[in-house]
There are 2 protein chains.
Amino acid sequence: MGKKRVTLADVARLAGLSQTAASMILTGRPDTRLSAEAHARVHAAAAELGYRPNLAARALRTDKTRTIAFISDVVATTRFANGLIRGTLAAADEAGHVVLLLETGGEPAREVQAIEAALDRQVDGFIFAAMRAREVFVPALPAASRVVMLNATSRQHPVSVLPDEFEAGRAAIRLLDSAGIRDGLALIGHNPVVEQGYFRSETVSRRLAGIRAEMERLNMAFVVEESCWNWEATHGYELVKGLLDRRAPIKALLCLNDRLAFGAYQALGEAGLKIPADIPVISFDNDELAADLRPGLTTFALPHERMGQEAVRLLLAPEIEPFEHLIPMTQVLRESLSNIGDG
Amino acid sequence: MGKKRVTLADVARLAGLSQTAASMILTGRPDTRLSAEAHARVHAAAAELGYRPNLAARALRTDKTRTIAFISDVVATTRFANGLIRGTLAAADEAGHVVLLLETGGEPAREVQAIEAALDRQVDGFIFAAMRAREVFVPALPAASRVVMLNATSRQHPVSVLPDEFEAGRAAIRLLDSAGIRDGLALIGHNPVVEQGYFRSETVSRRLAGIRAEMERLNMAFVVEESCWNWEATHGYELVKGLLDRRAPIKALLCLNDRLAFGAYQALGEAGLKIPADIPVISFDNDELAADLRPGLTTFALPHERMGQEAVRLLLAPEIEPFEHLIPMTQVLRESLSNIGDG
DNA sequence: CGCAGTTGCTAAAAGGATTTAGCAGATGAT
DNA sequence: ATCATCTGCTAAATCCTTTTAGCAACTGCG
């Protein structure tokens, strides 16, 4: 067994040509003047020897590595990371690239470290992903670096990919409207009076803005709006239980995310109320949870996978497209609203 | 601004020494005979210039990249991936390594591709992760490659990291026993008669084996065992609903994972049964879900994060430790069982 | 025929580190 | 005084590609 790696020199030798010729042919240079026969011989030799270029050597020469760095604040806590990573991986693979995954925990020091580690490995570009879309500070980078912000925005780096929250907010209201739900509607997760002066993440703001814009257009209003800061199941439960306890006149629930909706389900269930017959519920995110709830939760899906793909596309695109790229959130109809006619 | 990268030659020049000396000093070679003063000068020069070694050049020479490949079948569908990846990332970072993330979808062709992509980049080692522990086929690799199987096993690669399912199974039974639950116990998710001849994943078998071993030891038996192949919420719901419909004499539920338990919650809730007062429930995995259920679900946690860390440790350890490394599953007590005394 | 331009190819440099082999001077032993 | 050894350091080779510069032979044109 020839233990040694096969090098370009081996291929050239077998093909009876110079290394230069072999290199040009294998890298598919356009206007070389090498003969068709030379091409054939080199390809044959490469195939026969099972030649694979040494990417370190190539990187040394060209400064290109077909590797992109995915730097995120937290992979950990959030199930959302999966979709973003999966989409990124798929698109990168498609483009013959590979992904270096780095986590910073949101700490500036580790951010700098991560960037240096990536730079040392001469990545071709950076994707900065935040698990909660937010204004992200990105430490200084070599001027030439290609950067895409994923589920995040940054003053210095204008290329970003975000879910189209505003449209999803509007669509949610339209869905309720077209289901004939125009009053008795409760909003779970936000109250503008209570939260005045506090800034939520950029995407959340847009989600709310879309909701309110469409309600205004349709001349609708919430009968009650319940605020809580973290949108977790337990808060959904408590808020809705509170509403029920004080006999608020609610006929439908618009929850600001699926976990709140989950909590709402629990409160409604305890109170003996049926979804959707008594109270329809809709929500946002399309968490894994949403399909497992009973009845299934109608919700607007965060398009994480497509976002990841888009980020890679933008990163590798020949032209920089320096603006926000909004990916539509698709409506996922399940029984928590779609059966409305049945009751 | 000096746009050019600073190289070792620059450092050497500034320090007034040869490149050889600079290299030896910066890489911390042990028995070089260079003077203390030379050391100081080189370090000072490196710091002053902000020198960072070109890793491609180093890789070309040494075949080491301080990069490890994390090759998994699916990052996608499973929330479990998070913990494994997070642990891996943390430990790699700690050790000054970086992680290349590759996904194969479990398809052999893509597995080969992923391995080649990693090999091309001269990774220092491979972690093969399966999202459902199973016997994994790993395509041929250069003989010298360092490999660790994570949540998976492989005939060719003996170093593996797995959750200690057997002990968790035993612990679950001990927990029930010590809570005074000795009869009326239903097992949700498996029935040895129905499933005879079918092989589930390695870890699942062990989980069951632990359960059955401890029951035998304590002279306990299930009053009923319900089988289903995929452990999803909907199956949990249907199985438990079925039990309730036919008035099976059940007093407690041992669910084989949290999603089944979630379904069980739904069925019990509909039937107006209280957890744990009427029916305590315990389970395995410690899915995110488990904390959000109401009452909280007592469960045995899959130690994914620690598993990821251990995998990296084994990969980089000076000595190969060619056997299974079992990571304990910790008991997470919540209200679905711990309140048993209250009823 | 002389000259310009094409065609088909190659020698050698460059990229930035590590590592081998070895040199000059000092020290110690005989 | 001679030889061996140690000390502190360096020149040059090496890893494997890509790329620049250019060569020799041929074609076409006036």
Side-chain angles (χ1 to χ4, degrees), chain A residues 2-43 45-46 49-67 119-122 124 142 144, chain B residues 2-43 45-46 49-67 119-122 124 142 144:
Chain A
K3 280 284 94 177
K4 292 234 333 159
R5 234 177 177 290
V6 176
T7 80
L8 186 62
D10 299 328
V11 173
R13 199 171 313 121
L14 179 59
L17 287 166
S18 73
Q19 226 182 103
T20 308
S23 172
M24 286 172 151
I25 287 169
L26 289 178
T27 52
R29 269 235 189 159
D31 29 334
T32 171
R33 294 186 304 253
L34 295 160
S35 66
E37 204 218 318
H39 279 255
R41 285 220 308 275
V42 167
H43 282 296
L49 297 176
Y51 170 68
R52 306 223 94 214
N54 180 324
L55 294 194
R58 176 178 291 174
L60 183 56
R61 194 67 233 267
T62 63
D63 257 28
K64 300 233 169 308
T65 53
R66 303 189 81 76
T67 302
L119 243 28
D120 287 350
R121 286 165 182 84
Q122 281 151 257
D124 296 344
Chain B
K3 280 282 97 178
K4 291 231 338 155
R5 238 178 173 288
V6 358
T7 78
L8 186 60
D10 299 330
V11 174
R13 199 170 312 122
L14 179 59
L17 286 167
S18 71
Q19 225 183 107
T20 310
S23 172
M24 286 172 151
I25 287 169
L26 289 178
T27 52
R29 270 235 190 163
D31 28 334
T32 171
R33 296 185 303 252
L34 295 160
S35 66
E37 204 218 318
H39 280 256
R41 285 222 308 275
V42 167
H43 283 297
L49 298 176
Y51 170 68
R52 308 221 94 214
N54 180 324
L55 295 194
R58 177 179 289 173
L60 182 57
R61 193 68 235 264
T62 62
D63 258 28
K64 300 234 170 306
T65 53
R66 302 187 82 76
T67 301
L119 243 28
D120 287 349
R121 285 164 183 84
Q122 281 151 260
D124 296 345

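Note that the structure is predicted; figures quoted are calculated from it, not measured. Order of the sequence lines sets the chain letters (A, B, ...), proteins ahead of strands, with each chain counted from 1. Basis for what follows: all heavy atoms, side chains included, without hydrogens, waters or symmetry-related copies.
Taking atom CG of L60(A) as the reference point, atom P of dA14(C) lies 13 Å away to the nearest angstrom. Between the CZ atom of R61(A) and the P atom of dA12(C) there is a distance of 16 Å, rounded to whole Å. For R58(A) and dG16(C), the CZ to P distance is 18 Å, given to the nearest whole Å. Atom CG in L26(B) sits about 11 Å away from atom C1' in dA17(C), given to the nearest Å. Remark: P of dA17(C) and CD of Q122(A) are 10 Å apart, rounded to the nearest angstrom. The nearest whole Å value for the distance from the CZ atom in R52(B) to the P atom in dG15(C) is 21 Å. The distance between atom CZ of R29(B) and atom P of dT18(C), rounded to the nearest whole Å, is 9 Å. Atom pair Q19(B):CD and dG16(C):C1' shows a separation of 7 Å (rounding to whole Å applied).
Side-chain polar atoms of T67(A) and R121(A) form no donor-acceptor pair below 3.5 angstrom.
Contact annotation for S23(B): base contact, defined as any heavy-atom pair under 4.0 Å involving a base atom. Within 4.0 Å of L17(A), counting heavy atoms only, lie sugar-phosphate atoms of the nucleic acid but no base atom. Within 4.0 Å (heavy atoms only), R33(B) reaches at least one base atom of the nucleic acid. Note on A59(A): nothing from the nucleic acid sits closer than 4.0 angstrom, heavy atoms only. At a threshold of 4.0 angstrom between heavy atoms, the contacts of T20(A) include nucleobase atoms, whether or not backbone atoms are also involved.
Taking the side chain of M24(B) as heavy atoms from C-beta on, and the options dT20(C), dT18(C), dA17(C), the nearest nucleotide is dT20(C).
Residues L34(A) and L17(A) have side chains not in contact (no heavy-atom distance under 4.5 Å, counting atoms from C-beta outward).
Put simply, chain A comes within 4.0 Å of DNA chain D, heavy atom to any atom, from dC16(D) to dT20(D), going 5' to 3'.
Side chain of R5(B) to main chain of R52(B): a donor-acceptor pair is present (N/O by atom type, distance under 3.5 Å, no hydrogens or angles). Between the T65(B) side chain and the Q122(B) main chain, a donor and an acceptor come within less than 3.5 Å of each other. Between the side chain of S23(A) and the backbone N or O of Q19(A) there is no donor-acceptor pair closer than 3.5 Å. Panel note: side chain T62(A), backbone R58(A); a donor-acceptor pair is recorded below 3.5 Å.
In terms of heavy-atom proximity, L55(A) sits nearest to D120(B) at CB-O, 3.5 Å. Residue L26(B) comes nearest to A46(B) through the heavy atom pair CD2-CB, 4.1 Å, listed as atom of the first residue, atom of the second, then distance.
To the nearest 0.5 Å, atoms OG (S18(A)) and CG (L8(A)) are separated by 9.0 Å.
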Begin with the C-alpha distance, continue with both residues' side-chain angles, and end with the deciding distance and a verdict on side chain to side chain contact (heavy atoms under 4.5 Å, CB included) for V42(B) and V11(B). CA-CA 7 Å; V42(B) 167; V11(B) 174; 4.3 Å; yes
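Put simply, Y51(B) has no side-chain N or O that comes within less than 4.0 Å of OP1 or OP2 on dG16(C).
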Atom pairs under 3.5 Å: protein N/O with N/O of nucleotides 26-28 of chain C:
none

